Amino acid sequence: MKVNGTHYRSLWWDDDKAALQIIDQRWLPHEFRIQQVDTLQDFADAIVEMRVRGAPLIGATAAYGMALAAKIDPSNAHLDTAWEFLDKTRPTAINLRWALNRCRAHLLPLPEADRPAAALKLAHEISDEDVGINHSIGQNGLEIIRKIAAGKKDGEPVRILTHCNAGWIATVDWGTATSPMYQAHDAGIPIHVWVDETRPRNQGALTSWELGSHGIPHTYITDNAGGHLMQHGLVDMVIVGTDRTTRRGDVCNKIGTYLKALAAKANNVPFYVALPSPTIDWTVDDGVAEIPIEERQEREVTHIQGLTDDGKIGVVQVTPVGTPGGNPAFDVTPNHLVTGLITERGVCEASAEGLAALFPDLSGIAKSA
Ligand SMILES: CSC[C@H]1O[C@H](OP(=O)(O)O)[C@H](O)[C@@H]1O
């Protein structure tokens, strides 16, 4: 999407430098920093430190990491080593392992000499596919927003609540949860977005940065305000992203999503999940029991980063020295709390039947897993 009028993807390959360029999200929304990724350690650090973040973007990054590995040493052994090294960076978003598996499966049958070029080509394809998938999710989500808008008075906005950042900066482009928002706005449908701050990393500030850059009205709210807004009839729908959705439609997403789903159910607010198919884990049924939840550093909870009054980015400690912090980074929303899954192939109910009907070519993975 656009940053000060210039179109960017969240990552891109620089042919002249023969290297991957990323937007280092640690400094957003206050500073826009581009960083080159040169070594496998750089790739791992970029994912672990959330310089790149968001399930689809983590997958695309990993694909370029496998391309670098193939260029360094295209042997089976080295590709396996790179696979292990990158796979252990973050455990929850299935896109990471999906991308690594797809790259390895594509490369191993090839002669070693062909692997570097093939790996880089596949990384480009995975990135381009992500853009197409997210645009289609936007088209399918737009129809839901359009239906809600039809019941509004002229000019009255559709009020959408979102949690975390499932925006263009969390994907290669368009975003998943934000793609319907961009497309509704561009179609002239008035919307207003309630943006959850999303403690502890405050990814809501990234969503605000994105929406503000696109001219979409929005309000940044505390994570605890959403239920109140729903009780008072101020939310028409919720759209969130996902890091891993099970074959029966249980949705793993940023911590706090489950609480929003409970509030939405209690207040009869439609709760939608924008779901690109690479984020479906066909090998898992019960999300609560089976999806590994990343426990991140205590410091992310006990400290917070922001812009100081003199315009510098600083970090302050919120808690007393010595207070321990707990930081589970995701939670799982059971499928019965989900109104619908907005995929690139259409919208379906959050159920095994719903997903299998949209993805009959993929739903059989579970049997072979
Ligand atoms: C389309 S992004 C999906 C998902 O990824 C984010 O997690 P993180 O910021 O930790 O990488 C968040 O849960 C988004 O909803």
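Whatever order the structure lists them in is the order used to number ligands and atoms, beginning at 1. Please read all numbers here as calculations on a predicted model, not as lab measurements. Values below: all heavy atoms of this structure, side chains included; hydrogens, waters and symmetry mates excluded.
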If you measure from each non-hydrogen atom of Ala93 to ligand 1, which part falls under 4.0 Å: side chain, backbone, both or neither? neither

Protein contact to atom 8 (P) of ligand 1 [nearest heavy atom, distance to 0.1 Å]: Lys254 NZ, 3.7 Å

Is it the side chain, the backbone, both or neither of Thr257 that has a heavy atom closer than 4.0 Å to ligand 1? neither

Leu337, Val238, Leu262, Ile239 screened by side-chain contact (heavy atoms from CB on, under 4.5 Å) with Phe271, the one that passes: Val238

Aromatic plane relationship, His124 with Tyr64 - under 30° parallel, 30 to 60° tilted, over 60° perpendicular: tilted

Taking only non-hydrogen atoms of Asn253 and a 4.0 Å limit, the atoms of ligand 1 in range are 4 (C), 12 (C), 13 (O), 14 (C), 15 (O)

When distances are taken from atom 9 (O) of ligand 1, the protein heavy atom at minimum range is Arg53 NE, 2.7 Å

Atoms in ligand 1 flagged as close to Cys164, the criterion being non-hydrogen separation under 4.0 Å: 12 (C)

Examine His192 together with His218 and report whether their ring centres are nearer than 6.0 Å. no

Would a line drawn from the ring center of Phe43 to the ring center of Phe85 be shorter than 6.0 Å? no

Side chain Gln183, main chain His135, donor-acceptor under 3.5 Å: yes

Using atom types as modelled, flag every donor-acceptor pair under 3.5 Å from a side chain in residues 44-58 to any protein atom, sequence neighbours excluded.
residue, atom, partner, partner atom, Å
Asp45, OD1, Gln41, NE2, 2.8
Glu49, OE1, Arg26, NH1, 3.3
Glu49, OE1, Arg51, NE, 2.8
Glu49, OE1, Arg51, NH2, 2.6
Arg51, NH1, Gln35, OE1, 3.0
Arg53, NH1, Gln25, OE1, 2.9
Arg53, NH1, Asn165, OD1, 2.9
Arg53, NH2, Asn165, O, 2.6
Arg53, NH2, Asn165, OD1, 3.4

Would you say Thr176 and ligand 1 have an N/O pair spaced under 3.5 Å apart? no

Where does Arg201 meet ligand 1, judged by heavy-atom distances below 4.0 Å: at the side chain, the backbone, both, or neither? neither

With a cut-off of 4.0 Å, which atoms of ligand 1 are near a heavy atom of Ala55? 2 (S), 3 (C), 5 (O)

Any Leu57 heavy atom less than 4.0 Å from ligand 1: no

Nearest non-hydrogen protein atom, atom 3 (C) of ligand 1: Thr242 O, 3.3 Å

